[in-house]
Amino acid sequence: MDQAAVPVTLTPKDYKSGLKPVWCPGCGDFAVLNAITKALAFAGLPREEVALISGIGCSSRIAAYTSVYGFHGVHGRALALASGLKAARPDLTVLVAGGDGDGLSIGGNHFIHACRRNMDMTYIIMDNEVYGMTKGQASPTTPMDWDHSKLTPHGPGVRPFKPAALALAAGAPWIARAYSGNPNQMAKLIAEAVAHPGFSFLHVMSQCITFCPEQTDWKAIVDERAEPALSDADEAARLFLHESGFQTGLLYCEQRPTWPPAGAAIVDQDALAGLAASFRV
Ligand code: SF4
Ligand code: MG
């Protein structure tokens, strides 16, 4: 057999950059990094055919820790960057990752429009219900009565978002949840998300051991879904509005046309090449 035709088998380690993460020991984000690299190895994707785009925050550092193309972007704008990349390079497998503050506060507008646009990409929110990098402010998913921070002495007093319900209402066709304490299930879900043709939203409960040490209690309340994913939006709405938020697995899945439509070129590749050339010195 021609040596050049022999496929190279990559291991999860091959998808790591070698940079040592600066996350606190015990941070749930380590599990997400391991799950992503495991899923990419499982899918057998060449590194040069994958891009991981992130925003700003502890979890958004993840792009630097993989060996695929990466962009550690602007706060809340990871999905906007990823949408532009996918429009220009539809051949790439695009993953997007960030925290609850990045994705649901600063980036909330991009999130809802990415859900309804349904471009073929995977979005992972690493939700620890807090702004970790900036020392423990309440985020859009912080419980109303969370009074563990001097910054919110009586709790934020504001209802938290339900990310899965928000994604469903905005039109996301694939919604799953994982937990940092179960990286094998998470890796399987990421592989499924990548394979799903359309916008796949994975909500990861990823503990912040430093500012929310009580989140170690999550392991007692996560509940792996035994039933198949829902495909009826009414049933999914009832689930997402009334659940505890700790059910893991593929929760909702429907097939609907992606954007842009197959075969439609929304980027003038000649103009793009000209633009790229103008940046070369
Ligand atoms: Fe992880 Fe929290 Fe430490 Fe940030 S502050 S690295 S989210 S444990
Ligand atoms: Mg956070």
Side-chain angles (χ1 to χ4, degrees), residues 16-17 19-37 52-66 70 72-79 95-112 114 122-152 155-167 176-183 186 201-219 222 245-246 248:
K16 290 192 177 170
S17 67
L19 274 181
K20 193 168 178 286
V22 295
W23 295 318
C24 311
C27 175
D29 297 349
F30 284 101
V32 184
L33 175 62
N34 289 336
I36 288 175
T37 56
L52 174 55
I53 312 297
S54 64
I56 295 292
C58 290
S59 55
S60 287
R61 295 180 190 272
I62 199 164
Y65 303 141
T66 74
H72 188 181
V74 188
H75 208 185
R77 311 298 175 216
L79 281 167
L95 290 94
V96 193
D100 40 295
D102 185 81
L104 298 171
S105 185
I106 303 97
N109 192 35
H110 294 299
F111 176 56
I112 55 175
T122 297
Y123 184 39
I124 302 170
I125 285 190
M126 299 147 81
D127 185 0
N128 52 18
E129 303 180 344
V130 76
Y131 282 94
M133 196 171 78
T134 45
K135 305 281 182 278
Q137 295 93 340
S139 85
T141 54
T142 304
M144 277 178 88
D145 57 355
W146 184 74
D147 61 357
H148 295 227
S149 168
K150 287 181 185 152
L151 298 165
T152 46
V158 180
R159 286 166 59 97
F161 272 143
K162 293 174 182 286
L166 189 60
R177 187 178 295 116
Y179 164 55
S180 55
N182 189 348
M186 198 191 316
F201 172 51
L202 179 62
H203 179 216
V204 178
M205 301 307 297
S206 179
Q207 66 181 23
C208 173
I209 200 73
T210 298
F211 294 105
C212 309
E214 71 280 3
Q215 289 174 350
T216 52
D217 294 345
W218 284 351
K219 61 178 171 298
V222 286
F246 288 92
T248 62

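All ligand and atom numbering here is 1-based and tracks the order in the structure. Given the structure is predicted, the values throughout are model-derived calculations rather than measurements.
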Between Tyr65 and Trp23, what is the ring plane arrangement, given parallel below 30°, perpendicular above 60°, and tilted in between? perpendicular
Please write down residue, atom name and distance for the protein heavy atom closest to [atom].
atom	result
atom 6 (S) of ligand 1	Cys24 N, 3.4 Å
atom 7 (S) of ligand 1	Asn128 ND2, 3.3 Å
atom 2 (Fe) of ligand 1	Cys208 SG, 2.3 Å
atom 1 (Fe) of ligand 1	Cys27 SG, 2.4 Å
atom 4 (Fe) of ligand 1	Cys58 SG, 2.4 Å

For residues Ile56 and Asp102, report the shortest heavy-atom separation together with the two atoms involved.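 Looks like N-OD1, 3.0 Å.
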What are the atoms of ligand 1, with element, lying closer than 4.0 Å to any heavy atom of [X]?
X	value
Phe211	5 (S)
Ile209	8 (S)
Thr210	3 (Fe), 8 (S)

Contact partition for Val130 relative to ligand 1, non-hydrogen atoms under 4.0 Å: neither
Quick one: the OD1 of Asp100, the Mg ion (ligand 2), O of Val130 angle, rounded to 10°, please. 120°
Mind checking whether the Mg ion (ligand 2) has an N, O or S of Asn128 under 2.8 Å? yes
I'd like to know if the Mg ion (ligand 2) has an N/O/S atom from Gly132 within less than 2.8 Å of it, counting both backbone and side-chain atoms.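 Short answer: no, not a single N, O or S atom is under the cut-off.
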Have a look at Lys16 and tell me which of Thr66, Asn34, Ile36 forms a side-chain contact (heavy atoms from CB on, under 4.5 Å) with it.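 Result: among Thr66, Asn34, Ile36, Asn34 is the only option passing the side-chain contact (heavy atoms from CB on, under 4.5 Å) with Lys16.
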Side chain of Thr142, backbone of Glu129: donor and acceptor closer than 3.5 Å?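 Judged by distance alone, yes, a pair lies under 3.5 Å.
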Could you tell me whether the side chain of Gln207 and the main chain of Gly26 form a donor-acceptor pair under 3.5 Å?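 Checked: pair present.
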Ignoring hydrogens and geometry beyond distance, is a side-chain donor-acceptor pair present between Arg77 and His110 at under 3.5 Å? yes
What verdict does the ring pair (Phe, Tyr, Trp, His ring centres under 6.0 Å) test give for Tyr179 and Phe246, after you've listed the backbone C-alpha separation in whole Å, the side-chain angles of each residue and the deciding distance to 0.1 Å? CA-CA 8 Å; Tyr179 164 55; Phe246 288 92; 8.1 Å; no
Given Ser59 and Asp29, is the side chain to side chain donor-acceptor pair (under 3.5 Å) satisfied, shown in steps? CA-CA 6 Å; Ser59 55; Asp29 297 349; 4.6 Å; no
